[in-house]
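Notes to accompany the following structure.
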Amino acid sequence: MDEARTRRVLVVGIDGVRLDLLDTLATPRLDAVRDAGFLAPVLIDEQTPTMSGPCWATIVTGVHVGKHGIWNNDFAGNRLVVFPDFTTRLARVFGRKTFVAAGWDPLVLARDGGPLFTAPTRLVYVAPEAHTAEAWEQVDEEITVDAEAVLRRDPIDGSFVYLGAADETAHLHGCGPRYRDSIENADARLGRLLDAVRGRAEYEREDWTVIVVTDHGHVDEGGHGGRSTVERTAWIAARGPDLAPGVVPDRELRHVDVAAHAFAALGIEPDRHWTLDGEAFRTVKDSGT
Ligand SMILES: [Zn+2]
């Protein structure tokens, strides 16, 4: 790892995006992340409900559902005090600056047993004006505007930006044209976040790891929670200094790997008393320098 350069990590979580539809949609910014690194499926394990709460908790804590204790979309009874999300742990234990932007209540508010993100350095929350696809698109838009400003300006080590409109649209309207449009909208917003990163004054002296991840799929009529392959199939895309372009890690990827890779990309080893269930995605050999 080059000590003269600053490492930073951005995780973009896009809720409920079906892997099998990606090839049929215009998602050029996600394609670019894939081409610079990889995009690979994740099969949600047998123990984990195919619901947003448990899957996002696994993604951002790096431990399985039996440890973090979030089994559905009521987060009560969670063990986040012991197994916090990566932004909270980076901030509280390692003194790093972290940023979270999200519009789904239990991720960031004391609602429904939340928040999942207990104590990042900086937090943005936007509430929907109504439970409609249009209102959720507006939430994603405002989240993106705020995140662009922070990412472009501030020295944030680890960020998580959540886009939820595609999932809400599938629940409301099924996996038809509106859902597909919403996924393309999410891709455009991902692009703006990446442009903000690239627009940083310090960018030439920074090494950014970008991870894009979805939590679960959807049945055709919209909905998830069952054990069908389309519901259990999620995906992870990533690029960064530890990842070779076009090389997919030679193993089955899991949601727990996201937080593990975020820590590893920053050169941080979580302490030996707090064992992560995931592993970093490394496809470039560490030079040992
Ligand atoms: Zn979800």
Side-chain angles (χ1 to χ4, degrees), residues 11-22 25 27 30 41-45 47-62 64-65 68-75 78 80 85 100-109 111-117 125-128 131-133 135-137 139-140 143 160-176 178-180 182-183 185-187 189-190 211-237 253-259:
V11 180
V12 180
I14 309 178
D15 203 301
V17 175
R18 272 173 56 163
L19 177 65
D20 64 311
L21 296 182
L22 283 180
L25 300 174
T27 55
L30 181 61
V42 171
L43 193 62
I44 296 169
D45 67 67
Q47 287 71 42
T48 307
T50 60
M51 299 177 70
S52 302
C55 292
W56 287 120
T58 298
I59 290 164
V60 302
T61 62
H64 289 301
V65 66
H68 62 64
I70 293 176
W71 291 93
N72 52 52
N73 288 345
D74 181 345
F75 291 21
N78 71 68
L80 296 170
D85 76 278
V100 172
W104 184 39
D105 287 0
L107 297 183
V108 292
L109 297 186
R111 297 277 295 272
D112 304 317
L116 174 58
F117 293 93
Y125 168 71
V126 178
H131 184 48
T132 63
W136 283 108
E137 288 291 338
V139 169
D140 279 6
I143 289 285
F160 181 89
V161 179
Y162 172 85
L163 301 175
D167 178 74
E168 301 287 356
T169 302
H171 282 292
L172 289 161
H173 302 287
C175 292
R178 295 186 67 163
Y179 172 65
R180 294 161 197 239
S182 186
I183 294 171
N185 293 342
D187 185 74
R189 293 185 176 118
L190 166 66
I211 304 171
V212 190
V213 54
T214 201
D215 52 343
H216 51 71
H218 264 276
V219 295
D220 287 345
E221 57 271 35
H224 51 88
R227 305 310 299 174
S228 67
T229 300
V230 77
E231 290 162 278
R232 287 182 65 196
T233 302
W235 49 265
I236 295 170
L253 298 186
R254 304 161 302 162
H255 274 148
V256 285
D257 298 330
V258 171

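In what follows, residues are counted from 1 in the order of the sequence shown. Note that ligands are numbered from 1 as they come in the structure, with each ligand's atoms numbered from 1 the same way. All heavy atoms count here, side chains included; hydrogens, waters and symmetry mates do not.
Between the Zn ion (ligand 1) and the N, O or S atoms of D215, the shortest distance is to OD2.
Not one N, O or S atom of D167 sits under 2.8 Å from the Zn ion (ligand 1). Residue contact annotation: H224 places no N/O/S atom under 2.8 Å from the Zn ion (ligand 1).
In this structure, F160 and F117 have tilted ring planes: the angle between them lies in the 30° to 60° band.
Contact check for H64 versus H255: no side-chain heavy atoms found under the 4.5 Å cut-off.
The OG atom of S52 and the OD1 atom of D15 meet at the Zn ion (ligand 1) at an angle of about 130°, given to 10°.
Closest approach of V65 and P54 over heavy atoms only: CG2-CB, 4.4 Å.
Checking D85, T61, N73, D15 one by one against W56, the side-chain hydrogen bond (donor to acceptor under 3.5 Å, both in side chains) holds for a single residue, D15.
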